[in-house]
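Every chain is numbered from 1, with letters handed out A, B, ... down the list of sequences.
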Amino acid sequence: MNCCGWWQRQEGQRNRVVLDLKLIRDNLDPVQATLNLRGGGYDLQPIVALSQQQRQLEQERSLLQARSNDIGKQVGQQMKSGAKPDDLAVIALKDEGNQIKAQLADLEPREKELKAQIEAILLTLPNLPDASTPVGKSEDENVEVRRWGDEFIPQNPDILPHDEIGVKLGILNFERSVKIAQSRFVTLIGAGAALERSLIQFMLDQHIQAGFVEVLPPILINSASLTASGQLPKFAEESFKCDRDDLWLTPTAEVPITSLYRDDILSDADLPIYHCAFTPCFRREAGSYGRDTRGLIRLHQFNKVEMFKFVRPERSMDELESLTQQAESILQALKLPYRVIALCTGDLGFSAAKTYDLEVWLPTQGKYREISSCSNCGDFQARRANIRFKEAGKKGTQFLHTLNGSGLAIGRTMAAILENYQQPDDTIQIPDVLQPYLGRETL
RNA sequence: GGAGAGGUGGCCGAGUGGUUGAAGGCGCAGCACUGGAAAUGCUGUUUAGGGGUAACUUUAACGAGGGUUCGAAUCCCUCCCUCUCCGCCA
């Protein structure tokens with residue numbers, strides 16, 4: 001992680017609060033207990049201790065600075081009323097000012113160091129699971145919520161895996177992609193490229209119609225953006241980095257979209273804000289050697305249409321349900337069988353408080369595979385990104401809630417179509433809703 | 001990449017060392033006036049941390065970081081960003 005230097009250009013950021021320090025201080029045991037549901041051995045005790053010391057120093061420093069300000073004023077007044085710089089009274093004040101300066105020079109670095117330590121630890125703490133997230137240690141304890149489209153599961157026993165049929169049809173090429181780049185890349189050719197493009201267009205159209213405003217964000221993004229949405233500091237290994245520039249290849253559109261409103265104070269009238277975006281996504285897939293080495297399931301570069309919501313806190317759980325349904329509506333329109341899984345506390349992503357995964361049926365694997373992940377991040381990302389809203393007529397600001405969901409991963413959708421729509425003669429029927437986009441009925 | 005200009009509150013815009021968290025204006029909110037409104041007048045109008053049940057109090061912030069000073073929006077250094085012109089380029 002140290003090789004990447006992601007922390008080096010963070011100075012533009014105000015101190016981020018991340019998990020609410022006050023919440024931790026005032027509710028140590030419940031917060032610790034909730035965090036423990038994730039596993040991972042997070043310990044809040046050191047933070048509380050450091051925070052205690054830091055506040056102690058802050059109080060001392062404030063007092064000194066108050067006195068220092070006072071001295072400054074007094075000198076100013078005396079000079080104004082005609083005192084000379086070498087008057088005894090003035091010199092005495094200056095001396096005291098210098099003494100305070102010396103004391104502050106000792107205090108300040110110590111407090112700063114404590115703050116930095118606290119901040120560094122806080123940034124590594126994941127979000128607290130929502131109370132409605134099922135408790136469990138690993139993905140084995142995820143809970144299936146519902147299934148859809150059993151009647152569309154193909155019964156043909158001779159279906160070829162999507163990568164094999166894709167290569168056979170000449171629309172996917174993996175070998176040449178190794179030549180161009182590496183393994184875990186694909187080149188789409190002819191109708192394959194067109195199908196990918198049609199899927200992107202179709203999905204965006206669906207979301208735009210549902211009220212999501214399309215954005216096409218930068219795909220090279222800075223460290224502050226990755227920190228804001230929770231990818232940094234813990235997951236530096238997972239992203240591609242352009243080392244000379246403090247720029248990273250985006251792992252998901254969630255990251256640039258979160259930072260669209262970083263450090264903003266929105267008006268409550270602005271909420272909710274719905275965005276959708278098509279972007280390529282880049283992941284190093286460190287630690288997944290040997291998993292899904294074939295096909296479109298796990299690539300270093302893949303396309304995805306993402307949905308994102310900025311909402312009022314009390315609405316976020318309802319918004320998660322409708323976000324999930326929006327993602328489901330794409331699978332339903334494509335008539336692809338899927339199931340909805342509620343991730344358990346042990347399998348929850350770093351920034352999420354609650355997550356539904358959508359898993360599409362892949363006949364040749366005989367199982368459901370993740371094609372969308374819809375998460376309510378609560379105020380976790382809003383804290384890191386410092387995105388607040390102000391209620392008309394009310395004092396102060398509050399952090400809003402963010403949600404994100406794939407709608408959908410394009411490559412995996414392609415894979416699902418190539419298998420579920422495969423015909424006995426090795427052609428691919430094109431789903432009805434895509435035909436107008438692609439301009440043909442079969443591949 | 002080369003040359004120049006600039007970054008102040010929701011916005012415009014003043015401010016080159018001393019009660020400036022920041023004049024003035026616009027906007028916004030409340031009140032007054034009105035049958036209602038406009039116009040007008042008055043009042044208010046940033047955020048974050050600490051202490052306090054609270055009223056309140058204190059600290060910090062004028063792009064960011066550092067320095068000079070008893071005292072910095074104002075002076076010095078470094079960095080970032082924006083704009084204009086030239087070059088290059090899709």
Atom-pair distance (CZ on F389(A); P on G10(B)), nearest Å: 18 Å

Spacing of the P atoms in G4(B) and U78(B) (rounded, Å): 15 Å

Residues touching RNA chain B, which here means a heavy atom under 4.0 Å, drawn from residues 46-59 of chain A: R55(A), E58(A), Q59(A)

Pairing nucleotide - A32(B), Watson-Crick or G-U, each distance under 3.5 Å: U40(B)

Show me the side-chain donor-acceptor pairs of residues 177-195 of chain A shorter than 3.5 Å, one per line, residues at least two apart or across chains.
from	atom 1	to	atom 2	distance (Å)
S177(A)	OG	N173(A)	O	2.6
S177(A)	OG	T187(A)	N	2.8
S177(A)	OG	T187(A)	OG1	2.8
R184(A)	NH1	R291(A)	O	3.3
R184(A)	NH1	D292(A)	O	3.2
R184(A)	NH1	R298(A)	O	3.0
R184(A)	NH2	S288(A)	O	2.9
R184(A)	NH2	R291(A)	O	3.0

E391(A) with R312(A): basic N within carboxylate O range, under 4.0 Å: yes

Close N/O contacts between protein and nucleotides 68-70 of chain B (under 3.5 Å):
from	atom 1	to	atom 2	distance (Å)
C70(B)	OP2	N98(A)	OD1	3.3

Side-chain N,O (K390(A)) to OP1/OP2 (U47(B)) below 4.0 Å: yes

Spacing between K115(A) atom NZ and G65(B) atom P, to the nearest angstrom: 12 Å

P spacing across the pair G63(B) / G7(B), given as an integer number of angstrom: 8 Å

Main-chain N/O of L336(A) paired with N420(A) side-chain donor or acceptor, under 3.5 Å: no

Complementary nucleotide of G27(B), counting Watson-Crick and G-U pairs under 3.5 Å: U45(B)

N27(A) (side chain) donor-acceptor with I24(A) (main chain) under 3.5 angstrom: no

Interatomic distance, R388(A) CZ vs U46(B) P [rounded to whole Å]: 14 Å

R67(A) side-chain N/O to U58(B) phosphate OP1/OP2 under 4.0 Å: no

Distance between C1' atoms of A60(B) and A55(B) (Å, rounded): 23 Å

Strand partner of U74(B), provided both Watson-Crick or wobble distances fall under 3.5 Å: none

Straight-line distance of C276(A) SG to N404(A) CG, nearest 0.5 Å: 13.5 Å

Short side-chain N/O contact to U19(B) OP1/OP2 from N69(A), under 4.0 Å: no

Comparing I265(A) and D70(A) on RNA chain B - which has the more 5′ nearest nucleotide: I265(A)

Distance-only side-chain donor-acceptor flag, D87(A) / Q78(A), under 3.5 Å: no

Between C1' of A48(B) and CD1 of I387(A), the distance in whole Å: 17 Å

Proximity to the side chain of S62(A) - top-ranked nucleotide from A48(B), G50(B), G49(B): G49(B)

Who pairs with A14(B) - Watson-Crick or G-U, where each distance is under 3.5 Å: none

C1' gap between U20(B) and U46(B), integer Å: 15 Å

Spacing of L247(A) atom CG and L220(A) atom CG [to the nearest 0.5 Å]: 5.5 Å

Whole-Å P distance, G65(B) and U57(B): 28 Å

P gap between C31(B) and G49(B), integer Å: 31 Å

Value rounded to 0.5 Å, distance of NZ in K304(A) from CZ in R412(A): 10.5 Å

P spacing across the pair G10(B) / A22(B), given as an integer number of angstrom: 15 Å

Pairing partner (Watson-Crick or G-U wobble, both distances under 3.5 angstrom) of G6(B): C81(B)

P spacing across the pair A23(B) / U19(B), given as an integer number of angstrom: 13 Å

Ring centres under 6.0 angstrom apart (Y274(A), H207(A)): no

Centroid-centroid distance, F350(A) to F235(A), less than 6.0 Å: yes

Donor-acceptor pair, side chain of R38(A) and main chain of G349(A), under 3.5 angstrom: yes

